[in-house]
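One structure is given here, and the rest of the page talks about it.
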Amino acid sequence: MEITRFAPSPTGHLHIGGARTALFSFLFAKANQGKFLLRFEDTDQERSKDEYVDSILKSLEWMKIKLDDDPVYQSKNIAKHKELAIELYKKGLAYACDCSEEVLTKMREEQIAKKQKPKYNGLNRDRNIEFTDGMVLRFKFPIAGESNFKDLILGDIAINNKEFDDFIILRSDGTPTYNFSAAVDDMDMNITTVIRGDDHITNTLKQINVLAALNAKIPSYAHLPMVLAESGKRLSKRDGADDILDYKKNGYLSDALVNYLVRLGWSYGEEEIFSLKKLQEIFNLNDVNSSPSKYSQDLLDWYNNKYLNFLTSKELIAKVKENSGVDFNQIDNGELAISLLAKGANSLNQIAEESIYFFQEPHIKFDSLNIDANKKILFSEFSKRLREIDFEKNEIERYIKEFLHANDLKFPELGKPLRIILTGKENAPSISELLFILGKETSLKRIEYTLND
RNA sequence: GUCCCCUUCGUCUAGCGGUUAGGACACCGGGUUUUCAUCUCGGCAACAGGGGUUCGAUCCCCCUAGGGGACGCCA
């Protein structure tokens, strides 16, 4: 059975890149009837925060990415990892090193000055120093040959072993380092396929060697090309690396975000719309593109608009209320009103913002309309007879046409100012729809307010 | 600097040796809506460059260029 995992370090919120990694990992597991697990790599005591653990958990939950088991907290395995590191040392697969930070820094500076790749030079590799507290343990990385693996997305990847150094697996404070812990935990969790960003490629080669030293089964690996910011640069706080929960707050639908995210790198013929359910059936790593992609706000907005309009009016009302507190149930014809606004909206918030005139009197003064004062008579004539008609959509429309004709008016002459009177805006649904939704009483009240000004 | 990955319209992508190089977003026009949006019809727009291999290269190989990434007692 396939077992995948998402292994974020809780040193920040979940952002677009991480969310996509989690999604692909989840979908791959589900499409193979496997399990999806979560592991918090929280061994950096300084930077790991409970608050981020919470927000990552909430983000995944919002995206409907379900875990098949409780999350694993790597910090709880520290003692075990240390034990294993020492075991490697006892077997001669790791060695003790007492190089001070100064020595290391100097070594690195000299290498950089000589335009070489900075790495530990193996000074203590064969000295058989006895390991005591305060020393680090380094992994004896194979010197000859190359390390390689077959990436599920990128294909064969091989790097000459001389590119690597004997990296530290146990710090001088006795805690294990990332490349050791991650490998051990993947082994312990029986991970079959590791799916992560391609910035981990060199880590993968390191971890494969650790796993080999541990006599463990090597999982399959799939490295996802990065998601770049719209600028083409790395995703940063400034562009794109927002907290996923901000998308929720800003009125995005998780289904839309998921659909957008999955299309960042993955495709399925010429289809663009996928439900999470469908994705769990058809997702395949073979269909993942090997080149990096850029975040596009436009595309995300397009998806959100689509998904907004997949919802029924009742669902929309509930979502808008939950999101911004605006309750379309409080107005007459709320369902009609919200479905009209949703057509052009990119987010729940936009619907709420756009809707104020359904909830508040716009209080438009006649002078602000910038039209001839003698038009007042026309508008009062219009409202006088509006009072008498049957307030039903076809009837309203019929009446407007008739009125225009009788007064030899073009629509904009009436429509433009009227729309402002009714909504305070130049752009809004059609006049007849507005009148209908607002109802006779409110419509007349607004017109009269302006005329009596 | 060394090593690794990547390169099809502006963007997301299809393509898997022979295609008028397809779709979507964005953009630009027409129609509908006598507003905006929606809807609808149409348009613009790409194989980074150079060498091979081949009867034939977007597709396979090499080089160059460009972009991204990795080189911590962070993860």
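Per chain, numbering begins at 1; letters A, B, ... match sequence-line order.
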Query raised in the report: Do side-chain atoms of A/Ser181 reach the backbone of A/Tyr178 as a donor and acceptor pair under 3.5 angstrom?
Result: no

Show each protein N/O and nucleotides 45-47 of chain B N/O combination with a separation under 3.5 Å, one pair to a line.
none

Report summary line: Atom CG of A/Asp199 and atom P of B/G67 are separated, to the nearest Å, by 19 Å

Report summary line: In numerical order, the residues of residues 417-438 of chain A whose heavy atoms come under 4.0 Å of RNA chain B are A/Arg419, A/Glu426, A/Asn427, A/Ala428, A/Pro429, A/Ser430

Every protein N/O lying under 3.5 Å from an N/O of nucleotides 2-5 of chain B:
residue: B/U2; atom: O2'; partner: A/Glu163; partner atom: OE1; Å: 3.4
residue: B/C3; atom: O4'; partner: A/Glu163; partner atom: OE1; Å: 3.3

Query raised in the report: B/C36 P sits how many Å from A/Glu354 CD, rounded?
Result: 14 Å

**Report entry** Touch class at under 4.0 angstrom, heavy-atom based, for A/Arg47 against every strand present
**Finding:** base

Report summary line: Taking a pair to mean Watson-Crick or G-U wobble geometry with both distances below 3.5 Å, B/A21 pairs with none

**Report entry** Pairing partner (Watson-Crick or G-U wobble, both distances under 3.5 angstrom) of B/C3
**Finding:** B/G69

Please report, to 0.1 Å, the donor-acceptor pairs under 3.5 Å made by any side chain of residues 109-117 of chain A, with sequence neighbours excluded.
residue: A/Gln111; atom: OE1; partner: A/Lys119; partner atom: N; Å: 3.1
residue: A/Gln111; atom: NE2; partner: A/Lys119; partner atom: O; Å: 2.8
residue: A/Lys117; atom: NZ; partner: A/Glu163; partner atom: OE1; Å: 2.9

Query raised in the report: Heavy atoms under 4.0 Å, any strand shown: does A/Cys99 hit a base, just sugar-phosphate, or nothing?
Result: base

Query - Contact under 4.0 Å: A/Ser48 side-chain N or O vs B/A75 OP1/OP2 - result: no

Report task. Starting from the 5' end of RNA chain B, give me the residue, A/Trp302 or A/Lys416, whose nearest nucleotide shows up first. Result -> A/Trp302

Query raised in the report: Is a donor-acceptor contact shorter than 3.5 angstrom present between the side chain of A/Asn203 and the base of B/A70?
Result: no

Could you run down the sub-3.5 Å N/O contacts of the protein with nucleotides 12-16 of chain B?
residue: B/C12; atom: OP1; partner: A/Lys294; partner atom: N; Å: 2.8
residue: B/C12; atom: O2'; partner: A/Arg263; partner atom: O; Å: 2.8
residue: B/U13; atom: OP1; partner: A/Gly265; partner atom: N; Å: 2.4
residue: B/U13; atom: O3'; partner: A/Ser267; partner atom: OG; Å: 3.3
residue: B/A14; atom: OP1; partner: A/Ser267; partner atom: OG; Å: 3.1
residue: B/A14; atom: OP2; partner: A/Asn289; partner atom: OD1; Å: 2.8

Review item, side-chain donor-acceptor pairs of residues 282-289 of chain A, under 3.5 Å, at least two apart:
residue: A/Asn284; atom: OD1; partner: A/Asn286; partner atom: N; Å: 2.8
residue: A/Asn284; atom: OD1; partner: A/Asn286; partner atom: ND2; Å: 3.4
residue: A/Asn289; atom: ND2; partner: A/Ser291; partner atom: OG; Å: 2.7

Requested in this report: Could you tell me if the ring centre of A/Phe310 sits under 6.0 Å from that of A/Tyr307?
Outcome: yes

Query raised in the report: Taking everything shown except A/Lys206 itself, do over 12 heavy atoms lie less than 6.0 Å from its NZ?
Result: yes

